[in-house]
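Heads up, the thing below is written out as structure tokens.
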2 protein chains.
Amino acid sequence: MVARRGRRNGARVDIDADNAPTAEMPAVTDGGADPVRVKSIPEAAVARLAVYLRVLSAMAEQGATTVASEELSAAAGVNSAKLRKDLSYLGSYGTRGVGYEVQVLVGQIERTLGLTRQHKVAVVGIGNLGHALANYGGFPGRGFPVEALFDVDADLIGVPVGGIPVSHVDDIPKVCAERGISIGVVATPPTAAQSVCDRLVSGGVQCILNFAPVVLQVPEHVEVRKVDLAVELQILSFHVARRADEKNGSHKVGNGMVVR
Amino acid sequence: MVARRGRRNGARVDIDADNAPTAEMPAVTDGGADPVRVKSIPEAAVARLAVYLRVLSAMAEQGATTVASEELSAAAGVNSAKLRKDLSYLGSYGTRGVGYEVQVLVGQIERTLGLTRQHKVAVVGIGNLGHALANYGGFPGRGFPVEALFDVDADLIGVPVGGIPVSHVDDIPKVCAERGISIGVVATPPTAAQSVCDRLVSGGVQCILNFAPVVLQVPEHVEVRKVDLAVELQILSFHVARRADEKNGSHKVGNGMVVR
DNA sequence: TATTGTGAATGCATTCACAGCC
DNA sequence: GGCTGTGAATGCATTCACAATA
């Protein structure tokens, strides 16, 4: 009776005896033209917004002025419903029957991601990877200028890499505070990573991008993201193995569940 | 009456009129000592298994023989319930009241992740990043030997990097097929990435790790993972912005929802 | 007693499908 | 007619909390 949508729908009913008064259903669709949008955006959506932004920028360069969700989502490698939901977190910036204005969307995503400010970056560990990072030349799409480099190696101190002289890791707190670094990139060997991280934090760095294969311990107010080559490869390895198992029929799993 | 667990529990009841016959509840706890484990392991858990593996290896090196979920989970940066659930996907290899044997766990995780096989790696694009990757020296913890390098630059062709001579990107299909490459790493500029990817695929590569800031289009049977510096930085930027908004009270959100 | 293993509950994320609008 | 915006539904992932057990 109640059931309508969905293919196999099981009329799930909430009885909820104690009518929980704690904020269930945000409900409020936001009073209107509020300037400072915050509203909780799902973490997963944030990551995709960055992808949409790049695709949109490319489209803008090629002269596109409007784009439909179907087209944009295909280029971004997601389905259109997901794209529309993601964009809806920013507000209503599309036109029904038409699509989105590329420039408007670019502006809104940039604002949401905080790309209107600049975020100064420090790279610690000027080995192969650190070198590569330092030379990225101001980092993707402007907005992330590299303003400090650090290493332990005495031979490197003072040597400019990508225009910036390398400082000693002991000076991390001082230099970071002075230059107002907000993002620290850890590209050191694993053994050094935690101590480097601690120094970055004491230098006032709020966010850390960690390439070292260790789990960094940080105070609550610091955000860490990890890029881990070994983990990525091992995940791929898992999928190779899974696929191999599928091919030869050697995985008669008890239940009906297919592995894919 | 039915409600027991959970702090604010709302006795959610399924009425489910049409008693869906499609595999609900896998139920079968796996007949017993099945050798070829497959069972569907959640993607998110797979990623964490790789982390546990590293932590366990470090512990083993320091002479630990057993470890409790509490200790291991702390070192891996997750909570203990999650750890135990993740490990339970492998089977029951712990001892109640004691913990897990480090060596046993290492072995089981390696088997599950397919790390008993070797996975030959090719790196395409020998720029700053490619160089860094090629020099990783056989890649993390053995098991991922780099066996081919490619670039377009005529000056690089034939030059050995990390012991392996660079080949031309045109030879990707041939060389990859010959050497049995199973993982391709794309470290080229974005414009070249898709064509490189296509050649890797036609060379029989099953998995691709993509460092180029583009969404690669691949056939269904190929697995792609993406490492995107710009996206990572922009996610961090979002959190900086969010945090800044929290500080000054400028985000009177309509509903009660706190942003954190 | 200490700690695993795991159903059940909660909480996110994705997808569906259609009303609303241009 | 076409496309957005979004409730509602489904499906994953995480967490709780306790029975099982060495």
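So you know, we letter chains A, B, ... as the sequences are listed, proteins then strands, and number each from 1.
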Measure [atom1]/[X] against [atom2]/[N] and give the value in whole Å, please.
| X | N | atom1 | atom2 | answer |
| --- | --- | --- | --- | --- |
| A:Leu90 | D:dT4 | CG | C1' | 14 Å |
| B:Tyr89 | D:dC12 | OH | P | 12 Å |
| A:Leu87 | D:dG5 | CG | P | 8 Å |
| A:Leu83 | C:dC16 | CG | P | 15 Å |
| B:Lys82 | D:dA17 | NZ | P | 17 Å |
| B:Glu101 | C:dT4 | CD | P | 13 Å |
| A:Ile41 | C:dA13 | CD1 | C1' | 15 Å |

Interface polar pairs with nucleotides 20-22 of chain D, N/O, under 3.5 angstrom:
residue : atom : partner : partner atom : Å
D:dA20  : N3   : B:Arg96 : NH1          : 2.6

Report yes or no: does [X] contribute a side-chain atom to a donor-acceptor pair with the main-chain N or O of [Y] at less than 3.5 Å?
| X | Y | value |
| --- | --- | --- |
| A:His119 | B:Leu236 | no |
| A:Asp228 | A:Glu232 | no |
| B:Arg54 | A:Pro213 | yes |
| B:Ser237 | A:Leu113 | yes |

Subject >> side-chain hydrogen bond (donor to acceptor under 3.5 Å, both in side chains) assessment of A:Arg111 paired with A:Thr116 >> reply: CA-CA 6 Å; A:Arg111 192 167 60 79; A:Thr116 46; over 6 Å; no
Original post:
Looking at A:Glu220 and B:Arg243, does any basic side-chain N land under 4.0 Å from a carboxylate oxygen?
Top reply: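 Answer for the salt bridge query: no.
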**OP:** List in numerical order all residues of residues 61-74 of chain B for which some heavy atom is under 4.0 Å away from an atom belonging to DNA chain C.
**Re:**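 Residues of residues 61-74 of chain B that come under 4.0 Å of DNA chain C are, in numerical order, B:Ala68, B:Ser69.
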Should [X] be listed as having a side-chain N or O under 4.0 Å from OP1 or OP2 of [N]?
| X | N | answer |
| --- | --- | --- |
| A:Lys85 | D:dT6 | no |
| B:Tyr100 | C:dG5 | yes |
| A:Arg48 | C:dT14 | yes |
| B:Asn79 | D:dT15 | yes |

Original post:
Stepwise, does the side-chain hydrogen bond (donor to acceptor under 3.5 Å, both in side chains) test hold for B:His239 with A:Glu43?
Top reply: CA-CA 10 Å; B:His239 288 291; A:Glu43 184 72 23; 3.3 Å; yes
Subject >> Enclosure of A:Glu101 CD (heavy-atom neighbours >12, cutoff 6.0 Å) >> reply: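 Not buried by this count: 12 neighbours or fewer within 6.0 Å.
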**OP:** Measure the spacing between OG of A:Ser182 and CD of A:Gln118 and express it to the nearest 0.5 Å.
**Re:**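 Those atoms lie 9.5 Å apart.
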Original post:
5'-most contact on DNA chain C: A:Glu43 or A:Arg84, nearest heavy atom basis?
Top reply: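 Between the two, 5'-proximity favours A:Glu43.
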**OP:** Among the candidates D:dT14, C:dT6, C:dC16, find the nucleotide nearest to the side-chain atoms of A:Ala81.
**Re:**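 The nucleotide sitting nearest to the side chain is C:dC16.
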